[in-house]
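Encoded as structure tokens, the structure appears first; notes follow it.
Keep in mind the model is a prediction, meaning the values are calculated, not measured. Every chain is numbered from 1 and lettered A, B, ... according to where its sequence line falls, protein lines coming before strand lines.
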Amino acid sequence: MRMKRLPKDFYEQPTLELARSLLGHYLVHQHPTGEIIAKIVETEAYLGAIDRAAHSFGGRRTNRTEVMFGLPGHVYTYQMHTHTLLNVVSGPVGTPEAVLIRAVEPIQGQALIDQHRPGLKPVDQTNGPGKLTKALGITMDLYGHSLQHEPLFIVEGEAVTDVEAGPRVGIPNTGEARDYPYRFFERTNPYVSKYR
DNA sequence: CTGAAGATGCCCT
DNA sequence: GGGCATCTTCAGT
């Protein structure tokens, strides 16, 4: 398999374009017990200061959001109840934007995924932001990690043509921001998270 | 220090 | 369709 790592400047495009562009590329996690590769099939953009749904809305700068103010192409992980969620930091330094990875399709390392999420239909192992981090073994340890390095990075994958955009998921109390079409997904891909 | 809230998912009815 | 698990963060005392 061709494994061309996405260059630093890939992450420098505007956040909405980045969210769209990430679809089809392969997320690689070199887990201690083996390598897992999965194709990104669903993303959401969070536009920082001007986006009420973003943690960094209004320029809110805390320990948690700090990494979003830094270089694009780094990892913003955070905990949602019992789950870790994975974001890619976007926007130039000082502009706290990010792209949430919402769903992936396994390409390699199925045995490991089965180990992390046993007894489930394949589709149910990675069709959600909390599910995929568990399946790939991604934890809060990766907060601030650069995607230019091991053990977590993104390589060039496949072109995706049937992209659909729609409202983001799970942000009911964010006023106007609730309806912004900042969610992107491969329309025909069965691993896209279902609802909405 | 305490408590409330949350970009979720799973299990129950 | 509703309740709840279970963790971290952050604002308020």
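A:Arg52 comes within 4.0 angstrom of no nucleic acid atom, judged by non-hydrogen atoms across all strands. Within the 4.0 angstrom heavy-atom criterion, no nucleotide atom of any strand lies near A:Glu44. Counting non-hydrogen atoms under 4.0 angstrom, A:Asn87 reaches a base of the nucleic acid. Residue contacts shown for A:Arg61 are absent, as no nucleic acid heavy atom lies under 4.0 Å away.
Here the P atom of nucleotide B:dG9 and the NZ atom of A:Lys121 are 15 Å apart, to the nearest Å. Rounded to whole angstrom, the span from the CD1 atom of A:Ile171 across to the P atom of B:dA7 amounts to 8 Å. Atom-to-atom, CD of A:Gln79 to P of B:dA4 comes out at 20 Å; the value is rounded to the nearest Å. Here B:dT8 presents its C1' atom at 12 Å from CG of A:Asn127, a figure rounded to the nearest Å. In this structure, the CZ atom of A:Phe184 is 15 Å from the C1' atom of B:dA7, given to the nearest Å. Between the C1' atom of B:dC10 and the NZ atom of A:Lys134 lies a distance of 11 Å, rounded to the nearest Å. If you take CG of A:Leu85 and C1' of B:dG6, they are 10 Å apart, rounded to a whole angstrom. For the pair A:Met140 CE and C:dT8 P, the interatomic distance rounds to 8 Å; values are reported in whole Å.
Nearer the 5' end of DNA chain B, as judged by each residue's closest nucleotide, is the contact made by A:His81, out of A:Gly130 and A:His81.
Side-chain N/O atoms of A:Arg178 include none lying less than 4.0 angstrom from OP1 or OP2 on B:dA7.
Stacking of the aromatic ring of A:Tyr46 onto the base of B:dA7 is found: the ring centres lie under 5.5 Å apart and the planes are inclined by under 30°. In this pair, A:His55 lays its aromatic ring flat on the base of B:dA7, centres within 5.5 Å and planes under 30 degrees apart.
Contact record, A:Met68 with A:His55: CE-CB, 4.0 Å, taken as the closest heavy-atom pair.
The number of heavy-atom neighbours closer than 6.0 Å to CZ of A:Arg117, taken from other residues, nucleotides and ligands shown, is above 12.
Separating the OG1 atom in A:Thr84 from the CG atom in A:Asp141 is a distance of 9.0 Å, to the nearest 0.5 Å. Rounding to the nearest 0.5 angstrom, the gap separating the CG atom in A:Leu100 from the CG atom in A:Asn87 is 5.0 Å. In this structure, the separation between CD on A:Gln125 and NZ on A:Lys134 is 10.5 Å, given to the nearest 0.5 Å. Going from atom CG of A:Leu23 over to atom NZ of A:Lys39 covers 9.0 Å, rounded to the nearest 0.5 Å.
Each of C:dT9, C:dT8, B:dG9 was ranked by its minimum atom distance to the side chain of A:His83; first place goes to B:dG9. Of the listed nucleotides (C:dT6, C:dA11, B:dA7), C:dA11 has the atom at the smallest distance from the side chain of A:Arg60. When each of B:dA7, C:dT9, C:dT6 is scored by its nearest atom to the side-chain atoms of A:Arg64, the top-ranked nucleotide is C:dT9. Side-chain atoms of A:Arg117 lie closest to B:dC10 of the nucleotides C:dT6, B:dC10, B:dA7.
C:dC7: Watson-Crick or G-U partner is B:dG6, with both key distances under 3.5 Å.
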